[in-house]
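Please read all numbers here as calculations on a predicted model, not as lab measurements.
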Amino acid sequence: MNKPATTSPAFAPDHTNDGPWHRGEIQMQERAGVREQMADVGKRVLRDHLIEQHRQFYPQLPFAAFGTVDENDDVWATLRANHPGFLFSNDPDHLMVKLPRDQSDPADAGMNDGQAIGMIGIELHTRRRNRLNGKIMRQSNDQFAIRVGHSFGNCPQYIRLRDFKFFGDPQAVPSSRPETSTELTTRARDMIAKADTFFVATFVDRDGRNREVDVSHRGGKPGFVRIDSDGTLTIPDFAGNLFFNTLGNILSNPKAGLVFTDFATGDVLQLTGDAEIITEGPEVDAFLGAERLWRVFPRKVVWRASALPIRWRAHEDSISPNSLLTGDWESAKRKLSARKAAHAWRSFRITRITRENHLIKSFHLEPADQNGILSFQPGQHLPIRVMVAGHDKPLIRTYTLSSAPSDDCYRISVKREGTVSNHLHDILRVGDTLEARAPAGDFSQQTNAKRPMVLMAGGIGITPMISMLRHAVYEGLRTRQFRTIWLFYAARNISDRAFDTEIVELVKAAKGNIRIVRILSDPDGATPRKDYEASGFIDMDLLRAVLPFDDFDFYLCGPPPFMQGIYDGLRGLNIADERIHAEAFGPASLTRSRDTTGALPELPETTNKATTVKFAKSNQSAVWQPEAQKTLLELAEEAGLAPEASCRGGNCGTCRTKIMQGSVTYKNRPGAKVGMDEALICCAFPAEPEDGKETTLVLSL
């Protein structure tokens with residue numbers, strides 16, 4: 001099999017001042033932003049001996065996974081089973097292993113005296129596991145000791161619960177002969193396609209001399225390993241212990257050995273080959289829960305029928321809760337297909353409608369085609385297009401997504417207050433369709449930040465905050481690292497408040513990491529502390545009284561006066577402008593006071609002269625008059641054009657249009673990001689030319 005150029009250049013690892021980690025592990029930790037954290041963890045957790053708890057654990061095991069390197073420097077992973085007690089420790093520095101030699105096992109070639117070995121002991125019926133590596137001290141053909149190099153515990157994620165029983169004599173050498181090949185057979189592909197578990201062995205030579213072999217467990221939903229037509233295996237890498245033993249080894253020495261088993265028959269599939277790591281790209285984004293991908297290009301494949309004298313039975317509902325938080329390749333494929341039509345209008349079917357309060361309904365949307373939903377950032381909005389009675393053209397609106405990127409559908413929560421929202425509330429039913437385009441918007445949670453967040457919502461401004469809360473809880477459960485969040489939610493009264501039950505569930509799931517402050521401006525009939533925590537409005541006095549000001553990221557969404565007041569108050573406390581993220585309702589934009597170090601240039605003046613505006617694609621033109629002060633969108637509509645637009649305030653970006661000649665400006669800086677050669681025509685005006693000469697403004701409409 002020809003292996004493409006790797007994205008993971010190899011280099012010779014060396015000793016560092018970061019404790020037990022080698023350079024490949026350190027580089028992976030740096031990419032994940034945890035090097036400093038793991039330098040301390042490594043010194044505390046990776047031991048050169050067996051602690052008492054591990055010495056008591058290993059004798060309980062009926063099997064273990066081992067990793068070795070053969071005479072050709074190919075690394076192999078294998079599974080070996082024996083009655084509990086075949087692993088035992090007479091002293092903290094050694095683990096004894098009672099196993100007969102098995103010439104049918106390709107990993108056996110690396111089990112000679114003095115060779116490096118890696119091992120993971122795992123109890124599938126309890127999800128406990130521990131790892132070690134070291135050197136073999138061969139005592140006989142049936143027994144050897146491992147002189148411990150590194151020993152450490154492992155978290156129990158992604159392990160499916162299984163009970164075991166022995167089937168035959170574990171001391172007997174398997175009678176079937178191994179079948180070897182250079183590529184995956186149909187039988188091998190079938191085993192991998194159904195697998196929810198496998199083990200991987202990798203190795204590294206420190207200083208070119210001291211060899212260390214590692215074995216790791218990998219798990220997910222059945223089929224989480226993708227098999228390409230050429231036999232390449234692609235594996236998502238989920239959140240783990242941040243040690244990066246496997247991927248660090250691959251980065252330093254791009255080789256890997258994998259072992260799969262049929263838990264019901266004892267058949268074993270082993271393969272060895274080259275490996276690479278993919279840290280970013282559309283496939284990483286499309287696979288839910290994947291933080292990166294890695295690939296294996298098999299060079300040698302061994303099939304051993306009934307090789308294991310042990311069988312397992314999966315528990316009912318035994319799949320790991322962590323695996324349930326991850327995706328699958330079929331869903332990823334649909335998302336990748338959807339990316340090809342990201343800028344097109346697609347049909348979505350309404351699968352569920354829920355009433356959040358007397359004014360707000362949530363609409364759950366799934367693609368009507370065979371493609372998936374597109375990934376988005378929590379806080380972004382969804383442009384939709386619907387035909388409304390009395391209008392000869394579809395009407396476009398943007399509604400904030402109240403679902404999280406980890407949800408399997410889009411959810412928009414719509415307040416009844418206009419033509420399109422009334423149409424959604426009164427006309428559309430479950431099973432009906434509407435059109436939607438790719439989620440967009442610059443108001444979104446910075447998902448890579450670790451700082452605590454303060455979310456402040458007024459009225460329907462709660463919708464992006466619900467998306468952020470859902471995402472934060474998902475990420476907390478997935479990574480076991482919750483981000484601290486304060487939610488300030490203001491409404492007029494209880495009947496105007498939405499998502500009460502959902503917020504309570506999210507707070508509970510966040511295990512104390514979400515604190516909520518509910519504010520009612522008209523609390524008549526409500527019970528303090530039970531129904532709300534404060535009366536009045538969200539203002540700086542409330543924040544000073546409740547919030548322990550720290551290094552927060554602030555997110556604001558609500559009516560413009562509320563947003564401007566909070567923004568000005570936070571800036572008055574020297575909160576950096578870049579830490580305050582805001583999305584206003586309607587056409588009003590937030591007036592920002594930029595930090596000196598990040599100050600943006602002043603907006604150009606609006607021209608005071610009549611200006612010809614040409615719409616290139618439609619071959620139309622119109623004259624903009626300074627006294628009328630019409631936006632370029634209004635001018636285009638008067639010329640008979642129908643550009644796509646929604647918010648008419650520069651917040652959603654729907655009206656973004658290429659500028660082919662000339663320049664534009666704005667009364668207030670728009671909320672949506674816009675390029676130097678683009679205009680948000682819903683709030684743009686012709687700018688005064690820098691040279692003072694009259695020029696035609698040409699837009700690609």
Side-chain angles (χ1 to χ4, degrees), residues 7-51 53-54 67 118-120 128-134 148-159 200-207 210-219 235-254 256 275 277-280 284 289-294 322 447-452 475-484 513 551:
T7 58
S8 312
F11 47 76
D14 58 5
H15 289 294
T16 70
N17 293 324
D18 290 78
W21 311 121
H22 63 69
R23 193 195 299 178
E25 293 166 329
I26 291 170
Q27 187 166 343
M28 288 303 303
Q29 292 164 6
E30 285 176 337
R31 292 179 181 181
V34 296
R35 175 178 178 176
E36 183 176 345
Q37 170 189 341
M38 298 313 294
D40 177 64
V41 169
K43 295 171 183 176
R44 290 187 292 105
V45 175
L46 271 72
R47 305 173 180 89
D48 62 358
H49 62 279
L50 295 171
I51 63 174
Q53 182 185 43
H54 293 178
M119 193 196 88
I120 181 168
R128 290 182 63 193
R129 60 180 176 175
N130 293 299
R131 281 154 80 171
L132 66 80
N133 61 33
V148 178
H150 286 147
S151 173
F152 54 98
N154 250 194
C155 55
Q157 299 186 95
Y158 315 112
I159 299 174
V200 52
T202 55
F203 75 100
V204 70
D205 291 333
R206 286 188 184 251
D207 300 325
N210 299 315
R211 176 162 291 178
E212 293 178 358
V213 184
D214 179 77
V215 181
S216 177
H217 164 275
R218 289 293 190 271
I235 303 114
D237 189 58
F238 305 132
N241 57 18
L242 303 177
F243 290 6
F244 294 110
N245 305 117
T246 297
L247 298 191
N249 285 354
I250 290 175
L251 197 63
S252 298
N253 179 29
I277 302 167
I278 302 167
T279 57
E280 57 185 14
V284 178
E291 299 190 340
R292 59 199 65 80
L293 305 173
W294 53 289
N322 300 89
T447 54
N448 60 339
K450 305 299 182 185
R451 288 184 295 271
E475 284 294 294
L477 294 171
R478 184 181 72 84
T479 66
R480 295 168 296 142
Q481 296 180 17
F482 280 92
R483 195 172 177 183
T484 299
N513 290 281
D551 189 20

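- With Ile250 as the partner, the side chain to side chain contact (heavy atoms under 4.5 Å, CB included) test is satisfied by one option alone out of Asn245, Thr202, Val204: Thr202.
- Shown here are the side-chain hydrogen bond (donor to acceptor under 3.5 Å, both in side chains) partners of Gln481, two or more places apart in sequence or in another chain: there are none.
- Rounding to the nearest 0.5 Å places CG of Asn154 at 5.0 Å from CD1 of Ile120.
- Scanning for ring pair (Phe, Tyr, Trp, His ring centres under 6.0 Å) contacts around Phe243 gives Trp21, Phe152, with sequence neighbours left out.
- For residues 235-247, every residue pair satisfying the salt bridge (charged side-chain N to carboxylate O under 4.0 Å, His left out) rule, not counting sequence neighbours, is listed here: Arg218-Asp237, Asp237-Arg292.
- Contacts of Arg128 classified as side-chain hydrogen bond (donor to acceptor under 3.5 Å, both in side chains), with partners at least two apart in sequence or in another chain: none.
- Judged as a salt bridge (charged side-chain N to carboxylate O under 4.0 Å, His left out), and not counting sequence neighbours, the contacts of Glu30 are Arg35.
- Between Glu291 and Phe238 the shortest side-chain heavy-atom distance does not fall below 4.5 Å.
- With sequence neighbours excluded, no residue satisfies side-chain hydrogen bond (donor to acceptor under 3.5 Å, both in side chains) with Asn133.
- A salt bridge is defined here as a Lys NZ or Arg NE, NH1 or NH2 lying under 4.0 Å from an Asp or Glu carboxylate O, and Arg206 with Glu212 meets this definition.
- Applying the ring pair (Phe, Tyr, Trp, His ring centres under 6.0 Å) rule to His150 yields no partners; only residues at least two apart in sequence or on another chain are considered.
- The shortest non-hydrogen separation linking Gly240 to Arg480 is O-NH2, 3.5 Å.
- Within a 6.0 Å sphere centred on CD of Gln37, heavy atoms belonging to other residues, nucleotides or ligands number more than 12.
- Atom-to-atom distance recorded for Asp205:CG and Ser252:OG is 10.0 Å, nearest 0.5 angstrom.
- Distance CG/Leu247 to CD/Gln27: 12.0 Å, rounded to 0.5 Å.
- With values rounded to the nearest 0.5 angstrom, Phe203 atom CZ is found 4.5 Å from Asn253 atom CG.
- Of all heavy-atom pairs spanning Ser216 and Thr246, the tightest one is CB-OG1, 3.3 Å.
- The heavy-atom pair separating Ala256 from Val200 by the smallest distance is CB-CG2, 4.2 Å.
- Among residues two or more places apart in sequence or in another chain, the side chain to side chain contact (heavy atoms under 4.5 Å, CB included) test is passed with Pro156 by Arg127.
- Take Arg47 and apply the side chain to side chain contact (heavy atoms under 4.5 Å, CB included) test, not counting sequence neighbours, and it matches His49, Ile51.
- When every heavy atom of Pro236 is checked against every heavy atom of Ala290, the shortest pair comes out as CB-CB, 3.9 Å.
- Taking CE of Met38 as the reference point, atom CG of Asn241 lies at 6.5 Å (rounded to 0.5 Å).
- Residues Leu242 and Gln29 fail the side-chain proximity criterion, which asks for heavy atoms closer than 4.5 Å.
- Within the 4.5 Å cutoff, the side chain of Arg131 has no heavy atoms near those of the Val215 side chain.
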Test log, rule side-chain contact (heavy atoms from CB on, under 4.5 Å), inputs Leu293 and Ile235: CA-CA 6 Å; Leu293 305 173; Ile235 303 114; over 6 Å; no
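- Between the CZ atom in Arg31 and the CD1 atom in Ile26 there is a gap of 13.0 Å [rounded to 0.5 Å].
- The closest side-chain heavy-atom distance from Arg129 to Ile159 is below 4.5 Å.
- Counting heavy atoms from C-beta outward, Leu50 and Val148 have side chains that approach closer than 4.5 Å.
- Of all the heavy atoms in His217 and Tyr158, the pair that sits closest is CE1-O, 3.2 Å.
- With sequence neighbours excluded, the residues that form a side-chain hydrogen bond (donor to acceptor under 3.5 Å, both in side chains) with Asp40 are Arg44.
- Under the 4.5 Å side-chain criterion, counting only non-hydrogen atoms from C-beta, Trp294 is not in contact with Ile278.
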